[in-house]
Every structure is written in C-alpha cells, then in structure tokens.
There are 2 protein chains.
Amino acid sequence: MHRMRQEIAHQPAAILETLEQERPHIAEVARRLCDEGIRFVLLVARGTSDNAATYARYLFQITNGRPAASAAPSVATLYNADVDLRECLMMGISQSGQATDVIECLEEAAELGAMTVALTNSEDSPICQAAQHVLITHARDEQSVPATKTYTTALAVIYTLSALWAQQADREQYLLRAVEAIEEEFQLEPLIEDRSERYRYMEACVVLARGVNLCTADEVALKLSETCYLVARGYSTAEFRHGPIAAVDEGFPVFVFAPRGPMDADILQTCRALRERRAELMVFSDVPEILEQAHIAVRMPGPLSETCAPIAYVVGGQLLAYHLSRHKGINPDEPRGLHKVTLTR
Amino acid sequence: MHRMRQEIAHQPAAILETLEQERPHIAEVARRLCDEGIRFVLLVARGTSDNAATYARYLFQITNGRPAASAAPSVATLYNADVDLRECLMMGISQSGQATDVIECLEEAAELGAMTVALTNSEDSPICQAAQHVLITHARDEQSVPATKTYTTALAVIYTLSALWAQQADREQYLLRAVEAIEEEFQLEPLIEDRSERYRYMEACVVLARGVNLCTADEVALKLSETCYLVARGYSTAEFRHGPIAAVDEGFPVFVFAPRGPMDADILQTCRALRERRAELMVFSDVPEILEQAHIAVRMPGPLSETCAPIAYVVGGQLLAYHLSRHKGINPDEPRGLHKVTLTR
C-alpha cells in the first residue's frame, strides 16, 4: 500500500493523539492571546500549510472576531518592510519546520512587536527556535510528499485554539464528531475509487467551496495538481461566478465540496448555473438539493458543524486525488520534481 | 475594433485623467489615514477588483508598514461575524459600485469602528453611499466585460494613496514613468499578436510573478480565463514550487511577468527549473538573464520602479488575452455567461 493511503487512514488517530497531547499547550497559548490583547492575526505559510492558514484566517474572524490575514512571506524576507505588529499574532505553519521564509517572517515579526506562534509537525526543527510559542501536530512521520495528516492535524489545532481563545470549550465536541465523520468516509472509498477512473484523461479542472470551506477547495486542488499532474484550481463559488465561469462549457469538470451551512443557497445557485452550461459535477455534500445537481454524488456523513467540516471533507478529496493518481499510473508518494521540503525565500 | 482593444488603448490617458482629477481627494484620504492612526488595512473586492486589492495589500505593507489583508466578504455578509475594527481601514473596490457583498462589508465595517473608503469608477453608484470616503477612477465608461482600464486606474489611485500616506510624494514620478511604459508597450503589440497564435489550442496554463507583481499573474490569468475560456491560474513563483510545479511536463505553457526587482534571482531559478522540465515559457521582462530562458521573449520597457511595474506589465497580458481570444474566434467583449456586473453575497 502507498504511504499516502496509509497516512490518509491514520488521520483520525493522529487528530485524537494531537488533541490529547497538545491541548494543554493550546490552552496556554489561548490564554496568552487573551492576556496580550491580540487584535489581529497574520498567518505565514506555503503550500498545504498555506491552506491550513486559510482555514485559520476564516476561523479567527468568524469565531474570534479578529481580522486575520495571510501575510506574504516575501514582504518580510525580500522587501525588508518595516511593519508595526504590536497587538498582532503572527502564526507560522510548516509541517517540516524548515521553511526558511516562514522562519524569517516569524523572527522579523517578533522584532516588530508581534506575539509569534509556530505550528509544526517536527518538534526539533528550526521553526521551534524562531517562535515564542510552539504548537505541535502529533501526526508522527509523514513520508509521502503530498501532505495529508499533517494538514488535518494542523486544522484540529487551529480549531481548538480558536475555540479556547473564544472561551467556548464546548465547541470541542464538534471536532470529535468531525473525526468520527472521517471514519465514516472510508466507507465511501470504493465509490470514490470506482468513479474517479472517469477522470483518467482530464487535464484541468476546478474545485469549488465557499466560506470557511474555501481551504478545502484550495487543498483538494493542490492534491490533484501534485498527485495527478493537473491544472486544478480552487475557487470560492462567489469568486468563480465573477469571471472564471466563462471557461465552463460542455463536459467541463467541476468538483464541489458543500457541507451544510449558511452557504447552501449560494452553492446551489452556482451548481445550477454550471448545469445550464452542461458542466460535469462531482459533489461531496450532505445537502440533498445540492447532491441532486451532481453527475457523481458523494453523500457525505453529517450533520457537521460547518466550521469543523473542512477537517472531514478534505479526506474525500484526498481519496479522490489518491485513486485518480493510481488510475493514471502515477506514484502519488513521489510526484515528479517535488521533495518533501521545499526551500524558498 | 473591439471595445476591449479600445479600452486597453485608453489606459494611459485614463490614468493621467484620474491623477489630475482625483489627486486632491486622494491627498485628503491620506491625511485622514494619518490623523486617525490607521494601523491595519482590510481590502474587500471581487474578480478583477480583488486583484487590485492584492496590489494594495503588498503596497500598504511594503511602503506603509501596515499589515494589510484581503477580507473575505462572506465573513461579514454570510457569517455576521462581530470583528473589532478600530484603527482599521476597510477599503472596498468595485468598478461598477454595485457589488452588494462589498457594500455590505463597508457598512458593517463602519459600525465595527473602521474608517471606510470606496474605490469605484461609478460616481453615483450605491457604494458611494456606503463608505465614509470615496475615491473615483476616471476611466470613463467601460463597456467590454473584461475589465482593463478600470483596473489600471484603480492601481494608480492605490499607488498614489500609498505614496501620500507614506509622505513620499516624490514617488509619484515613478507612476508617470509607468504610464510612459504603457505607451511604449503598444509597439510590442504586433509581436504579441503574432506569437499568441501559437496558443490557439492551449487548454490550461499558469501565469507566474512574485512579490508586489503577484497581482499581475492573477489578473492576467483572470483575463485569459474570461476571454479565452482557459483554466488559467496565477501563482507566485515561490508558491508554484511548493507543489503545483509537479503538473509541468514537456510543452506545459507558462507565462512569466518579471520586471526588474528584488525577486530576480528567485524568478530566474524558477524559470530554469521549468526549462529542465521542458515547459514552454513566454516571458515579459526587462531582465536579460530571465528573457534568455524564454521560448517567446517580450522585452518590456524599463527600468521601472518595481512597485509601479504592475500598472505597466498587466497591459502586456491584456494584449495577450485579447489577441489570443481573437485567434480562437471568441468575441472578447462578451464572454459567454458573463455580465459586466455580477451580484453575489
């Protein structure tokens, strides 16, 4: 069995282990966020970790009422910009803990007055020296180049940090429900494996979601581009209707991730517009009306709290990318030209 | 002649008219930004205007030292999140002034304590009622669905606001140089028209840039998807090397926008990695070493101030999208399924 498939399967256990081992540290960081009167959050990350940052950006705004932004690492590392970061949290995410640009950003941010937190899967890595506070995902060794369990465990840490910072510890039960949902999703794997063969000769596609689930669209698109050598792009359904929908004609492949939530009407409207243009829809959802629009409907476990849903829904996309790569004869563990650690400035 | 082509040609005059008419208002807003002690900037926009927001996000960080973020409109409009926005500027950008989600965001932001500014091409539009301050792009009527002159005039306003807020009025000369560069670019149009035919049957591509020029990659990708019905995606070169580069094999089409600047070494390294994978490169640059990597080299006017370069460089991409759409027999003024004003929540 490929390591990617093993690592996908390890996710429920990895998340539970992360929560068990890391909760006290997360609670401590949440306390410091309150004590230091943090008003703004900046995230810095690359690749899959940047999709975890997108999740954090939505959560910290929706749940914690703090404006939150993805900072471009190049602002600190290549422009040496002098930014006033008092009352800011700068959170750097890097599974390997070796991303030099993320590390430089954290160091720079501390000098500019920020509180800094590193989120990583590598306890003894350089990023742990660079940040004032460190949070660890206990996903154990991830060997496949496409990240899976380091992503979902990072989301679990971010969710818990957001809940504890908001002093809503009761939210944590929703996270446990999302972990159960991942287990239930593995029952859908034969369907996903079977139907993904249809896309053997697909060269490009888009992946849609909305709101806090945008990270899922971006992350599934990244998994598809890494493991299946596609041009795959994630969009929010709103953004997609503002231009890129023009590219859609008969048979255009669209993947939709739509857990029940306040976005249902918007997503349904987009799906209908896509069907009018005769696009092909594969839909992961627990909303019957949205599933009805699909050529291939993957009825997901539910109901889930919408803000936790990204942790469960991405697994469907991971399985899609994994099985499609196998239908294409690609070894998903070692995509051509990629390494587990990419160094950029 | 298509309206899109006329509107591309109108850009130098539109920018100069915008500067002449709007500079006093921009100076007044810059003064208020200082007086109100604005420490953080949030941008809200959709489609092409969101690419202008990306430009603003880099400039306000690099030049003004203010953390700046693109806010997701859905946070305000669909989640009703209660965010503390004291000492924040919320800037909404909408050429039509009718984007309901952007308008709602501005209204909400004012209630949450933010200073609000609308940037629009439509003086009597609803967005002007929603914001405390209004800045107008004097691009006159834009009829072609793909936005061109409303984008570059918006960039010019943002650049000027950033320079005046930083009390560096001497920077404005660089903007005038960028306008001259646009005029010089029209001499490259026969080359771009001729060579773009090569991509008649291209179905997907990526567009790369780095740093403050990321907006150019995103905007050119959007123009290509709107007018040529491609799956086109903009990436920073750093982000691209963290995964999506796996999709690159022989003949994979990549468009690179690389004005001289602190990113040269990074872009050159990416171009070499792409050549090793036998990708096809069309490069818009004034850096000889980067141009040497190209199959099709478009030697751009230079030198330009890197922070102004997006205003000039996007025009090369607009011409590329325009001529490619004509080679494909598409009417670029009226892409299928798009309207000039898209309403989303």
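Residue numbering restarts at 1 for every chain, and letters A, B, ... go by the order of the sequence lines.
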Is B/Val248 in contact with chain A via its backbone, its side chain, both, or neither, using a 4.5 Å heavy-atom distance? backbone
Count the heavy-atom pairs under 4.5 Å between each of A/Gly261, A/Pro244, A/Ala265, A/Ala221 and chain B, then report the option with the highest count. A/Pro244
Which atoms form the tightest heavy-atom contact between A/Pro67 and B/Leu42, and what is the distance? CB-CD1, 4.0 Å
Segment of B/Ser236 engaging chain A (4.5 angstrom heavy-atom cut-off): side chain
With only heavy atoms counted, which part of B/Ala147 is less than 4.5 Å from chain A, the side chain, the backbone, both or neither? neither
Ordered numerically, the heavy-atom neighbours of chain B under 4.5 Å found in residues 222-231 of chain A are A/Leu222, A/Ser225, A/Glu226, A/Tyr229, A/Leu230, A/Val231
Are more than 12 heavy atoms, taken from residues, nucleotides or ligands other than A/Arg336, located less than 6.0 Å from that residue's CZ atom? yes
Portion of A/Ala232 that has a non-hydrogen atom of chain B nearer than 4.5 angstrom: backbone
Can you tell me which portion of B/Asp50 sits under 4.5 Å from chain A's heavy atoms? Options are side chain, backbone, both or neither. side chain
Report which part of B/Phe240 has an atom under 4.5 Å of a heavy atom belonging to chain A: side chain, backbone, both, or neither. neither
Checking heavy atoms, do the side chain of B/Arg86, its backbone, both or neither come under 4.5 Å from chain A? both
A/Arg233 side-chain N/O to B/Arg233 backbone N/O, donor-acceptor pair under 3.5 Å: no
Is B/Arg66 close to chain A through its backbone or its side chain, or both, or neither, when contacts mean heavy atoms under 4.5 Å? backbone
Assess whether a salt bridge exists between B/Arg39 and A/Asp84, defined as any Lys/Arg side-chain N lying under 4.0 Å from an Asp/Glu carboxylate O. yes
Among A/Asp249, A/Asn64, A/Leu214, which has the most heavy-atom pairs under 4.5 Å with chain B? A/Asp249
Minimum-distance pair of heavy atoms, taken over all atoms of B/Glu239 and A/Gly47: OE2-N, 2.8 Å
